[in-house]
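Note that the numbering runs from 1 along the sequence shown for the chain. We use all heavy atoms of the structure for the numbers below, so side chains are in, but hydrogens, waters and symmetry mates are not. Values in this document were obtained by computation on a predicted structure and should not be read as measured data.
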Amino acid sequence: MKFRSKIIDIGCLNNFTRVVTTISKLTKTCVLRLTPDNLYFVLSGKVSNGGVAMWCELAQANFFEEFQLEGVSVEANEICLELAPDNLSRAMKTAQNAKAVKIKLTKKHCPCLTIAAELPTMSSVSRVVTHDIPVDVIPRRLWNDFKEPSMPDFDVSIYMPPLKIMKNVVDRMKNLSNFLVIEANMNGEMNLKIETDLVSVTTHFKDLGNPPWGGDGSQTGAASQRDLETMVQVRVDIRKLQQFLMGQQFNPSKAMCNIVQNTILHLILLYEDVSLQYFIPAVA
């Protein structure tokens, strides 16, 4: 197995750093899946057992000037690595003003992702800062655990309100309850609700719009047949939603929310060359 890559464009470097930092806010460990065309950050939590799941996809050509990969075999040209994204985030932050950043898979005392940042200097001698990030190589027999999750057959799909506003609302509601009910309909309306023995609080959002699922590879299920005004709800652990909202380091061009009644909250962020999916299970 071999992997080496290089980033030289400062805009690409900053965007990649923002993505990695976002991932580091969402999970302590994840799997980095490398293919010839894409990078994926994957958290395959068992949603059915109360865990969250995450899938973040990046097209490598939009970030890297050079990208060379030799996978475990010709027919399985991939590499899967388990790592702590916070380590990668810290390494990338030290390289924010670098003239070039090289990332490669190395073998030191253990397998590592080695980040080498060529920093600007006043002299003709270049200064290179190197970080070795320990990784675990995921054997091929376990790869099926890190495939793209299927789109749930949702009951409602809706655009989310501005994430900063939603974060402020959730931050306040967190002081009142450990659980939050999110309900929405196909008429662009969303409510965030807290209900306890002592207090009932609801925040209303209107005119959010609903994504036009339809055509190739899209949803034709319960949502397309549902009355526009009918609310669908899911009750989630408010801390998991708060963690998702706190972790965002970029301003997505689209933020969508899919709800499967009393089952799952599926959040989707799209930003230029990046897509991030986050799955939060319902609680009774």
Before you tell me yes or no, could you show the steps for Arg4 and Glu66 under salt bridge (charged side-chain N to carboxylate O under 4.0 Å, His left out), namely the whole-Å CA-CA distance, both residues' side-chain angles and the distance that decides it to 0.1 Å?
CA-CA 8 Å; Arg4 61 175 59 242; Glu66 300 174 11; over 6 Å; no
Working for side chain to side chain contact (heavy atoms under 4.5 Å, CB included), residues Asn77 and Thr35:
CA-CA 7 Å; Asn77 194 20; Thr35 71; over 6 Å; no
Could you give me the CA-CA distance, side-chain angles and deciding distance for Gln96 and Asn14, then say whether side chain to side chain contact (heavy atoms under 4.5 Å, CB included) is met?
CA-CA 7 Å; Gln96 284 305 281; Asn14 289 337; 2.7 Å; yes
May I have the step-by-step check of side chain to side chain contact (heavy atoms under 4.5 Å, CB included) for Ile133 and Cys112, ending in yes or no?
CA-CA 5 Å; Ile133 300 170; Cys112 292; 5.8 Å; no
Given side chain to side chain contact (heavy atoms under 4.5 Å, CB included), test Tyr278 with Trp55 step by step and report yes or no.
CA-CA 7 Å; Tyr278 201 69; Trp55 176 268; over 6 Å; no
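No side-chain heavy atom of Lys2 sits less than 4.5 Å from a side-chain heavy atom of Leu105. Considering only heavy atoms from C-beta on, Val42 stays 4.5 Å or farther from Cys30 through its side chain. Taking 4.5 Å as the limit, some side-chain heavy atom of Leu163 sits within range of a side-chain heavy atom of Pro252. By the 4.5 Å heavy-atom criterion applied to side chains, Met190 and Thr203 are not counted as neighbours. Phe64 has its side chain out of reach of Cys12: every pair of non-hydrogen atoms, C-beta onward, lies at least 4.5 Å apart.
Using modelled atom types, one side-chain atom of Gln60 and one backbone atom of Pro36 make a donor-acceptor pair closer than 3.5 Å. Between the side chain of Asn258 and the backbone N or O of His266, no donor-acceptor pair lies under 3.5 Å. Of the possible donor and acceptor atoms, one in the side chain of Gln261 sits under 3.5 Å from a partner among the backbone N and O of Gln233. Side-chain atoms of Thr29 never come within 3.5 Å of backbone atoms of Leu83 as a donor-acceptor pair (strictly under, hydrogens ignored). Checking side-chain atoms of Thr22 against main-chain N and O of Arg18 turns up a donor-acceptor pair under 3.5 Å. With Gln243 contributing its side chain and Lys25 its backbone, the two residues share a donor-acceptor pair below 3.5 Å. Asn191 places no side-chain N or O within 3.5 Å of a backbone atom of Lys193 that could act as its donor or acceptor partner. Between the side chain of Asn38 and the backbone N or O of Leu34 there is no donor-acceptor pair closer than 3.5 Å. With hydrogens and angles ignored, the 3.5 Å screen pairs a side-chain donor or acceptor of Trp143 with a backbone N or O of Ile138. Within the 3.5 Å criterion, the main-chain N or O of Ser157 finds a donor-acceptor partner in the side chain of Asn210.
Donor-acceptor pairing under 3.5 Å is recorded for the side chains of Asp171 and Gln242. Residues Ser89 and Thr21 bring a donor and an acceptor atom of their side chains to less than 3.5 Å of each other. For the residue pair His131 and Thr94, a side-chain donor N or O sits within less than 3.5 Å of a side-chain acceptor on the partner.
A pairwise comparison of heavy atoms in Lys93 and Thr17 identifies CG-CG2, 4.1 Å as the closest pair. Shown here for Val20 and Pro85, the closest heavy-atom pair between the two residues is CG1-O, 3.9 Å. In terms of heavy-atom proximity, Met173 sits nearest to Leu192 at CE-O, 3.2 Å. Annotation for Met160 and Cys257: closest pair CG-CB, 3.6 Å, computed over non-hydrogen atoms. Ser275 approaches Leu270 most closely through the heavy-atom pair CB-CD2, 3.6 Å. Smallest separation of non-hydrogen atoms from Leu58 and Cys56: CD1-SG, 3.8 Å.
Distance check: Ser5 OG to Gln68 CD gives 9.0 Å after rounding to the nearest 0.5 Å. To the nearest 0.5 Å, atoms CG (Leu43) and CD1 (Ile23) are separated by 9.0 Å. Going from atom OH of Tyr271 over to atom CG of Asn15 covers 4.0 Å, rounded to the nearest 0.5 Å. With values rounded to the nearest 0.5 angstrom, Arg33 atom CZ is found 15.5 Å from Glu82 atom CD. For the atom pair Lys240 NZ and Leu267 CG, the distance stands at 13.0 Å (nearest 0.5 Å). Taking NZ of Lys102 as the start and OG1 of Thr130 as the end, the distance is 10.0 Å to the nearest 0.5 Å.
Neither Ile115 nor Val129 shares a network with the other; the hydrophobic side chains, linked directly or stepwise wherever heavy atoms of I, L, V, M, F, W or Y lie under 4.5 Å apart, form separate groups for each. By the criterion of side-chain heavy atoms lying less than 4.5 angstrom apart, applied directly or through intervening Ile, Leu, Val, Met, Phe, Trp or Tyr residues, Val170 is not grouped with Met246; the two fall into different hydrophobic clusters. Under the 4.5 Å side-chain heavy-atom criterion for Ile, Leu, Val, Met, Phe, Trp and Tyr, Val234 and Val283 are members of distinct hydrophobic clusters. One hydrophobic cluster holds both Leu228 and Ile182 under the rule that ILVMFWY side chains link at heavy-atom gaps under 4.5 Å. Val181 and Met231 fall into different hydrophobic clusters, where Ile, Leu, Val, Met, Phe, Trp and Tyr side chains are chained together by heavy-atom contacts under 4.5 Å.
Tested against Phe16 for a side-chain contact (heavy atoms from CB on, under 4.5 Å), the candidates Ile103, Asn62, Val274 yield a single pass: Ile103.
Counting non-hydrogen atoms of neighbouring residues, nucleotides and ligands closer than 6.0 angstrom, the NZ atom of Lys147 exceeds 12 such neighbours. Atom CD of Glu272 is surrounded by more than 12 heavy atoms from other residues, nucleotides or ligands within 6.0 Å. The 12-atom threshold is exceeded at CZ of Arg140, counting heavy atoms of other residues, nucleotides or ligands nearer than 6.0 Å. Residue Asn175 qualifies as enclosed at atom CG: its count of foreign heavy atoms under 6.0 Å is above 12.
Residues Tyr40 and Phe146 keep their aromatic ring centres 6.0 Å or farther apart.
Judged by a 6.0 Å distance limit and a 45° cone about the ring axis, Arg235 is positioned over the six-membered ring of Phe179.
Classification of Lys99 and Glu118 as a salt-bridged pair holds, one side-chain N sitting under 4.0 Å from a carboxylate O.
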